[in-house]
Amino acid sequence: MNRVIRATAFAAQKHRNQRRKDAEASPYINHPIALADVLANEGGMDDEAVLVAAILHDTIEDTETSMDELIAHFGEEVAGIVAEVTDDKSLPKAERKRRQVEHAAHISEKAKLVKLADKICNLRDIAACPPADWPVQRKREYFDWAKAVVDGLRGVSPVLEAVFDEAHAAKPHAG
Ligand code: NDP
Ligand code: ZN
């Protein structure tokens, strides 16, 4: 538990100037906390490395955080899981999205759990507090892409996969 709290403080500091894309520009840290909440309290997950990695999952991708820093603070296992769910930012966006679908089946079980929670949380956000400027068609494309990613990693947690399917059932109707 102490390491989860330490990770939360670390991520809060790293994401302190960032906001989500919703109309209210919610604090970014709400999102990693939501992943850990889904994993622990909807998925019954008590693996500390998974919960810590969930809290840290966007630090390398979206903040000035290095692998070495994560290793020094949280160890090789956690840093490895975060690396597995981090996109290669040198690639164009469409290619990154394609790779997520392609790689989903080949990452570790712990990384699959973090990725599944990320997609659950992002679908819920798009349903409840979407990026302000997204037309319905873009939301629908995101739902389709998230499902393609999750279909590649199924088998890791039937409970969380059902939670995902429930979130996916809220796919917006074509306008
Ligand atoms: P995304 O389409 O990937 O934006 C969604 C990401 O933003 C989420 O995965 C999430 O990532 C983060 N996010 C932050 N706030 C929210 C929120 N409130 N709700 C949901 N997600 C949130 O990234 P880009 O905007 O950079 O667009 C890139 C892709 O979109 C390209 O592949 C491009 O082709 C396509 N595109 C499609 C358009 C269309 O109209 N269909 C128009 C323009 C681009 P995280 O969890 O990592 O924070
Ligand atoms: Zn995320």
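Counting starts at 1 for both ligands and their atoms, following the listed order.
- In this structure, R19 forms no cation-pi arrangement with Y28, as its terminal cationic atom is not both closer than 6.0 Å to the ring centre and no more than 45° off the ring axis.
- Between the side chains of D22 and S26, a donor-acceptor pair is found at a separation under 3.5 Å.
- Using a 4.0 Å cut-off between heavy atoms, C129 contacts ligand 1 through its backbone alone, with no side-chain atom that close.
- Results of the side chain to side chain contact (heavy atoms under 4.5 Å, CB included) test with K110 over V156, D47, V85 single out D47 as the only residue that passes.
- Counting only heavy atoms from C-beta outward, the side chains of R124 and V38 approach each other to under 4.5 Å.
- The Zn ion (ligand 2) lies under 2.8 Å from an N, O or S atom belonging to H31.
- Less than 4.0 angstrom separates some heavy atom of H31 from each of these atoms of ligand 1: 46 (O).
- Distances from the Zn ion (ligand 2) to each N, O or S atom of H57 single out NE2 as the nearest.
- A side chain to side chain contact (heavy atoms under 4.5 Å, CB included) with L56 is found for one member of I81, V78, T8 and no other, namely V78.
- The shortest N or O to N or O distance between Y142 and ligand 1 is under 3.5 Å.
- The protein heavy atom nearest to atom 23 (O) of ligand 1 is K21 NZ, 3.6 Å.
- Scanning all protein heavy atoms for the shortest distance to atom 17 (C) of ligand 1 gives P131 CD, 3.8 Å.
- Contacts between Y28 and ligand 1, counted as non-hydrogen atom pairs separated by less than 4.0 Å, involve the side chain only.
- Rounding to the nearest 0.5 Å places CD1 of I60 at 7.0 Å from OG1 of T65.
- The aromatic rings of H31 and H57 lie perpendicular to each other, with more than 60° between the two planes, well past the 30° mark.
- Checking atom 34 (O) of ligand 1 against the protein gives no heavy-atom contact under 4.0 Å.
- Here K14 does not pair with D58 in a salt bridge; the nearest charged N to carboxylate O distance is not below 4.0 Å.
- Considering R20, Q18, K97 only, the shortest heavy-atom separation from atom 16 (C) of ligand 1 involves R20.
- Looking at D58, its N, O or S atom nearest to the Zn ion (ligand 2) turns out to be OD2.
- Between H15, Q137, R138, it is R138 that holds the heavy atom closest to atom 25 (O) of ligand 1.
- Protein heavy atom at the shortest distance from atom 20 (C) of ligand 1 is I126 CG1, 3.4 Å.
- For atom 10 (C) of ligand 1, the nearest protein heavy atom (residue, atom name, distance) is N122 ND2, 3.5 Å.
- At a heavy-atom cutoff of 4.0 Å, ligand 1 is contacted by no atom of R96, backbone or side chain.
- In summary, the side chains of D62 and Q18 do not present any donor paired with an acceptor at a separation below 3.5 Å, with no hydrogens or angles considered.
- Heavy-atom contacts of A94 reach the following atoms of ligand 1: 32 (O) (cutoff under 4.0 Å).
- Set against the non-hydrogen atoms of D22, the atoms of ligand 1 under 4.0 Å away are 18 (N).
- Short contacts between ligand 1 and K93, defined as distances under 4.0 Å to a heavy atom of the residue, involve ligand atoms 24 (P), 26 (O), 28 (C), 31 (C), 32 (O).
- A cation-pi geometry, defined here as NZ or CZ lying under 6.0 Å from the six-membered ring centre and within 45° of its normal, does not hold between K139 and W134.
- The N, O or S atom of D118 with the smallest distance to the Zn ion (ligand 2) is OD1.
- In this structure, Q100 and R96 have side chains that are not in contact, with every pair of non-hydrogen atoms separated by 4.5 Å or more.
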*Please assess D88 against S90 for the test side chain to side chain donor-acceptor pair (under 3.5 Å), listing each intermediate value before the final yes or no.*
CA-CA 6 Å; D88 180 348; S90 70; 2.6 Å; yes

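- Under 4.0 Å from ligand 1, the heavy atoms of E141 that appear belong solely to its side chain.
- Interface of D58 with ligand 1, defined as ligand atoms under 4.0 Å from a residue heavy atom, comprises 45 (P), 46 (O), 47 (O), 48 (O).
- Ion pair E84/K112 not flagged as a salt bridge, since none of the NZ, NE, NH1 or NH2 atoms sits closer than 4.0 Å to an Asp/Glu carboxylate oxygen.
- Taking a cut-off of under 4.0 Å to the non-hydrogen atoms of W134, the atoms of ligand 1 that pass are 2 (O), 4 (O), 5 (C).
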